[in-house]
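Some notes on the structure that comes next.
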Amino acid sequence: MPELPEVETVRLGLEPVFTSSAIASVELRRGDLRFPFPPRFAARLKGRRARSLYRRAKYMIAKLDSGEALVMHLGMSGSFRIEGEKSSHAPGAFHVKRSGAGAHDHVVFHFANGARVIYNDPRRFGFMLLEPQATLATHPLFAGLGIEPLSRDLHAAALAKAFTRRKAPVKAALLDQRIVAGLGNIYACEALHRARISPLRAAGSLVAKSGKSTDALVRLAAAIKEVLCEAVAAGGSTLRDHRQADGTLGYFQHSFRVYDREGAACPTPRCKGQIARIVQSGRSTFFCPTCQK
DNA sequence: CGCATCCCCTGCCTGC
DNA sequence: TGCAGGCAGGGGATGC
């Protein structure tokens, strides 16, 4: 389920576990997810401790005290859950699940303090890698990544530069990881609606002749940040509730203005339009043909 | 090179 | 009730 806000929520939940205790052992329940696990995956993690857990696009990266980086991607259906963690919430309660392996539990990290982090992924589009920290930036998965959408690097001029002469629809351009890294299908739709830009417009048509940015790109850059920030805040709330550290959608899904709302009235004030669904690059696009131009 | 299509895999929902 | 078909939030490979 994860898009960037969900990955960020998962990262926030996992960070204290990964950085406060060493990995005692790792159980692999199968040899591969999307890719085979790296050679000696469990052995290279045993005894290691993470100095940090950060996010780039939709990747989570744990910097280990061995000099290696554990890279984790949730794909379409990956999630983590935490078990066996001491909680200040319910002192004395036996809330620790004695679960046997659930279906599709593929990896279990056992930590020295007794916590377990379990990776579950029915579709197995997720993956984990172990790479030297020093060369991570040049790894094929990371070398070509575009602008981090929640950073200061995302602004109208940067979008103008990236969109110049691009004939692909702006929706496709927003999903291109080489342009904006980590914006997924839902939030691309949501951002375009908030910016009142049609997903069908050629990306290059949003750039001024001079190559400079336009009002539309100013709105788009702001809309991307705004919708992601709101979703991260919503995910963070559910995390603080201690209900889901697992990356399923938080209640922000109830705030979608267009995604999965085909046929509904456009939520833009005074707009009489109706949300439409089309397919672009093989993926659903939801938008309002009336107010998105 | 830029862009569209297809595919990896499983689960869930819809319609017959 | 069962079953077939379509669809899913990611992203890489392929081919035009």
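The sequence lines fix the lettering, A, B, ..., with proteins before strands; numbering per chain opens at 1. Worth saying up front: this structure is predicted, and the values here are computed from it rather than measured.
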query: At under 4.0 Å, does any side-chain N or O of A:His104 touch on OP1 or OP2 of B:dG11?
result: yes
Side chain of A:Ser284 (C-beta onward), nearest among B:dC3, C:dA8, C:dG11: C:dA8
field: Interface with DNA chain B, restricted to residues 159-167 of chain A and to heavy atoms under 4.0 Å
entry: A:Arg166, A:Lys167
task: Assign the ring pair A:Tyr259 / A:Phe256 to parallel, tilted or perpendicular, where the plane angle (0 to 90°) is split at 30° and 60°.
output: perpendicular
task: Mind calculating the distance between CD (A:Gln280) and P (B:dC6) to the nearest angstrom?
output: 16 Å
query: Can you tell me how far P of C:dC7 sits from CD1 of A:Ile186, to the nearest Å?
result: 17 Å
statement: In whole angstroms, the gap separating P of B:dC12 from CG of A:Asp260 amounts to 16 Å
task: Taking A:Gln177 for its side chain and A:Leu145 for its backbone only, find out whether a donor-acceptor pair lies under 3.5 Å.
output: no
task: May I have the distance from A:Leu33 (atom CG) to C:dG11 (atom P), rounded to whole angstrom?
output: 15 Å
task: For A:Pro140, answer base if it contacts any base atom (sugar-phosphate contacts may also be present), sugar-phosphate if it contacts only those atoms, and nothing otherwise; contact means non-hydrogen atoms under 4.0 Å.
output: nothing
Partner nucleotide of C:dG5 by Watson-Crick or wobble geometry (both distances under 3.5 Å): B:dC13
message: What is the distance, to the nearest angstrom, from the CG atom on A:Leu174 to the P atom on B:dC3?
response: 13 Å
field: Euclidean distance, atom CE of residue A:Met76 to atom C1' of B:dT10 [Å, nearest integer]
entry: 11 Å
task: Would you mind classifying the nucleic acid contact of A:Arg178 as base, sugar-phosphate or nothing, using non-hydrogen atoms under 4.0 angstrom?
output: nothing
message: Could you see if A:Phe127 belongs to whatever hydrophobic cluster contains A:Leu74? Use Ile, Leu, Val, Met, Phe, Trp, Tyr and a side-chain cutoff under 4.5 Å.
response: no
- request: Indicate if A:Leu64 and A:Val26 have the same hydrophobic cluster label, given that clusters are the connected sets of ILVMFWY residues with side-chain heavy-atom separations under 4.5 angstrom.
  value: yes
task: Figure out the CE/C1' separation between A:Met72 and C:dG10, and round it to whole Å.
output: 17 Å
query: So, A:Phe125 and B:dC8: ring centres less than 5.5 Å apart, planes less than 30° off, yes or no?
result: yes
message: What's A:Gln177 touching, base or sugar-phosphate or nothing? Going by heavy atoms closer than 4.0 Å.
response: sugar-phosphate
message: So A:Phe127, base contact, sugar-phosphate only, or nothing? Heavy-atom distance under 4.0 Å.
response: nothing
query: Between B:dC8, B:dA4, B:dT10, which nucleotide has the shortest distance from any of its atoms to the side chain of A:Arg34?
result: B:dC8
message: Please say yes or no: joined through hydrophobic side-chain contacts below 4.5 Å, possibly via intermediate residues, are A:Val17 and A:Met128 part of one cluster?
response: yes
Distance below 4.0 Å between A:His73 side-chain N/O and C:dG11 OP1 or OP2: yes
field: OP1 or OP2 of C:dG11 under 4.0 Å from side-chain N/O of A:Arg124
entry: no
Side chain to side chain, A:Leu159 and A:Leu206, heavy atoms closer than 4.5 Å: no
field: Minimum-distance nucleotide to A:Arg123 side chain [options: B:dC3, B:dT10, C:dG12]
entry: B:dT10
message: Just to be sure I understand the rule, does A:Gly282 reach a base, reach only the sugar-phosphate, or reach nothing, if contact means heavy atoms closer than 4.0 Å?
response: nothing
- prompt: Once you round it to whole Å, what is the distance between P of C:dG10 and CG of A:Asp176?
  reply: 13 Å
query: Is there a donor on the side chain of A:Arg283 or the base of C:dA8 sitting less than 3.5 Å from an acceptor on the other?
result: no
query: On a whole-Å scale, what distance lies between the P atoms belonging to C:dC3 and B:dC9?
result: 23 Å
- request: Give a yes or no on whether A:Arg30 atom CZ has more than 12 heavy-atom contacts from other residues, nucleotides or ligands under 6.0 Å away.
  value: yes
statement: Grouping ILVMFWY residues whenever side-chain heavy atoms fall under 4.5 Å, the cluster of A:Leu200 otherwise contains A:Ile278, A:Phe287
message: What I want to find out is whether A:Asp121 reaches A:Arg34 closely enough, with some N-O distance under 4.0 Å, to be called a salt bridge.
response: no
- request: Select base, sugar-phosphate, or nothing to describe what A:Leu141 touches, counting heavy atoms under 4.0 Å on all strands.
  value: sugar-phosphate
